[in-house]
2 protein chains.
Amino acid sequence: MSRPSPRTDLAHEALKQAILEQALEPGTKLPEDEIGAHFGMSRTLVRAVLAKLQAEGLVDARPKRTATVAQPTLAEAREVFEVRRALEIEIVRLVIKRWKPAFGAELEGMLREEEAARRRGEPKVAGRLAGEFHIRLAQLTGNRLIARYMEELVTRCSLILAVFGQPHGADAGHDEHSELVAALRAGDADAAIAIMDHHMGVVEKRALAEETPAESAALGDVLARYAGAIGARDAAVPLVAAQKRGRAK
Amino acid sequence: MSRPSPRTDLAHEALKQAILEQALEPGTKLPEDEIGAHFGMSRTLVRAVLAKLQAEGLVDARPKRTATVAQPTLAEAREVFEVRRALEIEIVRLVIKRWKPAFGAELEGMLREEEAARRRGEPKVAGRLAGEFHIRLAQLTGNRLIARYMEELVTRCSLILAVFGQPHGADAGHDEHSELVAALRAGDADAAIAIMDHHMGVVEKRALAEETPAESAALGDVLARYAGAIGARDAAVPLVAAQKRGRAK
DNA sequence: GGCTGAAATCTTGTATGCATGAATGGTCGC
DNA sequence: GCGACCATTCATGCATACAAGATTTCAGCC
């Protein structure tokens, strides 16, 4: 197939980041032509990229319809968390089983970075690093397949958090990461599993237990910001306007 | 994307079956042209099919190289089983949690079919049905994602069994399926988990604890069957000859 | 006789074109 | 003034063409 063509990978990463940071809102249309023009590649390659993103759950694509940024449903979100929790627990077991002291150092290094980003007031960066912590943990099992699955799950969770979660929801229970590493170091499987299980519960609750739907919140924001400037709206926020149309459909 | 074009799906299913039944040996080249000609479709669609098969782990594809039927390594095989075991156990938990009496009837129906096939002396069919039992079980969790993962895992296990396993390895521990359903019906999570865990151990052992590498066994078969007809070999078994070349690389 | 190297051949990587099916905007009727 | 219908526009499904990179073959040489 078309593994690591630089252009293709670039487009894939760019779209992924844009989706996760909600620079592209859920429901935004992703026409092949336009993307191709932007990245300087033909629709053939764009299609491959979109297919991959669809497989990762970041893009919704139905036949004969323009692909859109995925809008995870609450049900899907729960499913993702359910699988993730199970796999995370297994990962903890496996990492302890194959533990090496160097792991502890590396993980703690990651935690320090994350903490630094948080203190710097960059919650998005901190959230991304938190995700990478979990992915790295999965890689430490030495099981490539489980790592691949976890990568997909963490990515989807990020989108879910962005869609459903409260602002700064990614901060949830980041202390537990430290506790987890301590338990791993100590080789205390039961404790580590309990921490991970609880951690997943916290993250899921923050992600899904929302009172205000993200949608209406965003709408409210927009209206508040543009109230009184009705005439200028189209010019001021063309992207958002386009997105609303795409989403409504 | 290109979801359910009938031709595409047909080709995908056909290749999948051919690979799992080892009508196409691991290492066999899969040139886009040839496949396209066979199924009456262009390389564009073949590419999509091959990409999907690659994602499922049934096809190896490196850039600029002809795709081949996957040759799982022992290490990969272990990884697959490791993930599968963890997920299967979680599936048992979830199915019990969401149990409905109708589930029992359906699962027992599947077991009867499987048993019938076995008695009819069709181990391949029985093996396929055994796989479908596990997939169905995953679907009964109501979690689509976990079902998708399990589908991939069962498929890959089938290939692994075909490559590494002894003949009839798929028969392994099929009684345990009945015991499992009984435990599920009874709502006995601990028992069901224990049975599933043990079952996975049995299947894995049968699949991987092989004394004779499948490769040399196959070679032996061929030689035995064609001994003395050296000159005629290329004509008699062109496919196999081609495969050997492809595999050696 | 086996090995090195280059031509010939086979395949894939990618772009593009045409046909077909959706989405949109405008108009007509109520 | 509002809603349904139709033409236009747009975007995708798929095939094909061409360029570039592998692979194989064959010849010449050590």
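Given the structure is predicted, the values throughout are model-derived calculations rather than measurements. In the text below, chain A, chain B and the rest are named by the order of the sequence lines, each starting its count at 1.
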> What is the distance, rounded to the nearest whole Å, between atom NZ of B/K29 and atom P of C/dC10?
Replying inline: 12 Å
> To the side chain of A/E32, which of D/dG13, D/dA22, C/dA23 is closest?
Replying inline: D/dG13
> Counting any heavy atom closer than 4.0 Å, what does A/T66 reach on the DNA or RNA strands: base, sugar-phosphate only, or nothing?
Replying inline: sugar-phosphate
> Does a side chain donor of either B/H12 or B/Q17 reach within less than 3.5 Å of an acceptor in the other side chain?
Replying inline: no
>> Salt bridge check, A/R136 against A/E113: does any charged N sit closer than 4.0 Å to a carboxylate O?
In response: no
>> Nearest to the A/S42 side chain among D/dG13, C/dA23, C/dA15, which nucleotide is it?
In response: C/dA15
> Over how many whole Å does the gap from A/R62 atom CZ to C/dG21 atom P extend?
Replying inline: 17 Å
> A/L30 has an atom CG; how far is it from atom P of D/dC10, in whole Å?
Replying inline: 19 Å
> Of all the choices, C/dA23, C/dT12, D/dT12, which nucleotide is nearest to the side chain of A/R43 once you look at every atom?
Replying inline: D/dT12
> Quick one: which of D/dG13, D/dA22, C/dT24 gets closest to the side chain of A/R47?
Replying inline: D/dG13
> Around atom CD of B/E34, are there more than 12 heavy atoms of other residues, nucleotides or ligands at under 6.0 Å?
Replying inline: no
> How many Å lie between CG on A/L10 and P on C/dT14, as a whole number?
Replying inline: 13 Å
>> Starting the side chain at C-beta, find the nucleotide from D/dT12, C/dA15, D/dA15 nearest to A/T44.
In response: C/dA15
>> By nearest heavy atom, map A/E34 and B/M41 onto DNA chain D; which one lands nearer the 5' end?
In response: A/E34
> Is any side-chain N or O of B/K64 closer than 4.0 Å to OP1 or OP2 of C/dC10?
Replying inline: no
>> The side chain of B/P31 is closest to which nucleotide in this list: C/dT24, D/dA11, C/dT11?
In response: C/dT11
> If you measure from the Lys or Arg side-chain nitrogens to the Asp or Glu carboxylate oxygens, is any gap between B/E82 and A/R98 under 4.0 Å?
Replying inline: yes
>> Tell me whether the count of non-hydrogen atoms from other residues, nucleotides or ligands lying under 6.0 Å of CZ in A/R144 goes above 12.
In response: no
>> Looking only at the side chain of A/R65 (C-beta and beyond, no hydrogens), which of the listed nucleotides C/dA23, D/dA15, C/dG13 gets closest?
In response: C/dA23
